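Quick caveat: nothing in here was measured; it's all calculated off a predicted structure. Naming convention: chains lettered A, B, ... in sequence-line order (proteins, then strands); numbering from 1 in each chain.
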There are 2 protein chains.
Amino acid sequence: MEGKRREGGLPPGWRREEVVRKSGLSAGKTDVYYYSPDGKKIRSKPQLARALGDAVELSAFDFRTGRVNFNACRKRLRHDTSLILPIRQTASIFKQPVTLIRNRPESKTKSELKHGPQDQPRQLFWEKRLQGLKPFDNSEEVIQSMDLPRNMQGVGPNLSTENILQSISAALHLGTLPVTGQLASKGSILKNPGVNIDANQPLIQQMLISDEDIRRQEMNVRQARRNLQEAMLKA
Amino acid sequence: MEGKRREGGLPPGWRREEVVRKSGLSAGKTDVYYYSPDGKKIRSKPQLARALGDAVELSAFDFRTGRVNFNACRKRLRHDTSLILPIRQTASIFKQPVTLIRNRPESKTKSELKHGPQDQPRQLFWEKRLQGLKPFDNSEEVIQSMDLPRNMQGVGPNLSTENILQSISAALHLGTLPVTGQLASKGSILKNPGVNIDANQPLIQQMLISDEDIRRQEMNVRQARRNLQEAMLKA
DNA sequence: CGGAGTGCCCGG
DNA sequence: CCGGGCACTCCG
């Protein structure tokens with residue numbers, strides 16, 4: 001699973017732009033603009049909400065980064081008592097030794113962390129908090145899950161297929177980096193997850209995609225399109 | 001002291017123009033232009049600064065209204081420590097009872113206040129903060145003050161001639177309305193200045209100017225011009 | 001008159 | 001104290 005840098009999951013036709021202010025008191029500050037499919041320029045979250053109407057839920061959408069804010073979701077859940085799970089909310093067993101540096105002019109580590117605003121750390125194996133929960137459609141029909149390819153292996157303690165799908169989905173929606181899976185070995189991750197898990201990658205082992213895999217998938221898509229075309233001609 | 005609406009104190013030869021936009025999204029907005037004595041059209045404050053050169057201080061000049069902004073002066077002073085006076089900056093003794101009305105559709109008082117952007121309220125008797133300060137010319141010669149006509153009476157606590165001149169000067173430069181002096185009686189103003197002072201008028205009692213006064217002043221001007229003409233012929 | 005670019009208020 | 005949001009300026 002390799003891929004080039006994606007523009008965070010914007011609907012098709014939407015474009016996001018970052019403009020750095022070049023002069024004045026606020027020089028260096030960046031403004032973020034969106035362009036709707038019909039070319040309208042959107043300059044703020046309230047304006048975006050107005051353009052999209054009430055149907056779209058934007059409370060978890062971070063206007064500046066253009067991505068869904070993971071922790072904003074957590075915040076909303078916390079206040080919906082029917083969704084609070086009976087598990088501990090902290091992860092103190094994973095505490096790491098920390099070096100605290102104050103008032104040093106630009107520690108290198110610090111400036112490296114500064115590449116854009118960071119999300120708050122998220123709970124390791126958060127996916128397991130969703131275990132047993134299933135989405136329903138309006139008529140209370142259970143929405144079918146998916147099967148995973150045989151060569152896609154989860155890494156973590158007793159992960160269900162749903163857990164793995166959840167972590168892949170989160171990685172696709174929250175990150176802008178290529179989604180590669182975990183680079184560390186399954187063994188080292190289970191032994192010391194706090195150190196070895198890459199929180200930005202889904203809980204699957206790195207997969208190698210061959211040119212042959214890509215060709216096969218392209219065939220599948222073409223076949224699906226032909227089927228759809230036939231079905232539409234008959235109707 | 002009556003007068004018709006004046007064009008805020010522009011140098012002679014300069015003209016100010018307001019043009020209302022007639023159509024488009026910005027219909028109703030007004031653009032302000034200035035014309036220099038040689039007919040050049042000025043469309044913005046930077047352009048005006050360029051045309052006038054570095055000699056003219058424009059930081060307190062409001063391009064849209066064409067007048068000097070009282071509070072802009074205050075703001076600059078605040079950061080020049082050599083000019084901060086050892087007096088209190090607040091006027092809490094003048095606190096007034098206030099009626100707060102929320103969520104009423106368009107209170108009449110509110111909409112009346114909206115006639116153009118308002119200056120921030122200014123300190124009552126702010127002129128007294130300048131007491132004892134005198135302007136000097138480049139050679140550190142004190143610039144002579146002026147005498148006031150005998151029938152021009154100040155209203156306020158122990159106002160010096162300079163205080164009165166300052167308030168008249170401010171009224172002439174900051175306002176566009178006729179300068180009439182205070183209409184309320186001297187007694188009521190001293191008893192409750194916060195209510196009874198008209199902040200847009202100088203701290204003098206209303207003066208009645210007769211046609212005879214005007215004729216006499218016109219004579220004075222004519223005589224002064226004759227004197228000047230003679231002096232220039234001799235030179 | 002439009003629109004990019006900046007100032008600046010106000011709420012958290 | 002900071003940053004989001006929007007009003008406004010200024011020039012094409």
I need the NZ-P distance between Lys22(A) and dG5(C), as an integer number of Å. 5 Å

Length of the line joining Leu58(B):CG and dC10(D):P, which is rounded to integer Å: 11 Å

So, do Trp14(A) and Leu48(A) sit near enough that their side-chain heavy atoms are less than 4.5 Å apart? yes

Taking atom C1' of dA4(C) as reference, at what distance in whole Å does atom NZ of Lys40(A) sit? 16 Å

Just by distance, do the side chain of Gln201(B) and the backbone of Pro178(B) share a donor-acceptor pair under 3.5 Å? yes

Is it the case that the base of dG12(D) and the side chain of Arg43(B) share a donor-acceptor contact (distance under 3.5 Å, atom types as modelled)? yes

Tell me, please, whether Tyr33(A) has Lys41(A) positioned over its six-membered ring: NZ or CZ under 6.0 Å from the ring centre and within 45 degrees of its axis? yes

Determine: side-chain N/O of Lys29(B) to OP1/OP2 of dC8(D), distance under 4.0 Å, yes or no. yes

Rounded to the nearest angstrom, tell me the gap between atom CG in Asp31(A) and atom P in dC8(C). 15 Å

Sub-4.5 Å side-chain heavy-atom contact between Asp31(B) and Glu17(B): no

Figure out the OH/C1' separation between Tyr34(B) and dC10(D), and round it to whole Å. 14 Å

Can you tell me how far C1' of dG7(C) sits from NZ of Lys45(B), to the nearest Å? 13 Å

Indicate whether any N or O donor in one side chain lies under 3.5 Å from an N or O acceptor in the other, for Ser145(B) and Glu162(B). yes

Taking OP1 and OP2 of dG5(C), is either one under 4.0 Å from a side-chain nitrogen or oxygen of Ser23(A)? no

In whole Å, what is the span from the CZ atom of Arg21(B) to the C1' atom of dT9(D)? 10 Å

For the pair made of CG in Leu25(A) and C1' in dG7(C), what is the distance, rounded to whole Å? 7 Å

Verify the contact: side-chain N or O of Ser26(B) to OP1 or OP2 of dC1(C), cut-off strictly under 4.0 Å; return yes or no. no

So Lys41(A), base contact, sugar-phosphate only, or nothing? Heavy-atom distance under 4.0 Å. sugar-phosphate

For dG4(D), does OP1 or OP2 lie under 4.0 Å from any side-chain N or O of Ser44(A)? no

Sugar-phosphate only, base, or nothing, as touched by Arg64(A) at under 4.0 Å among non-hydrogen atoms: sugar-phosphate

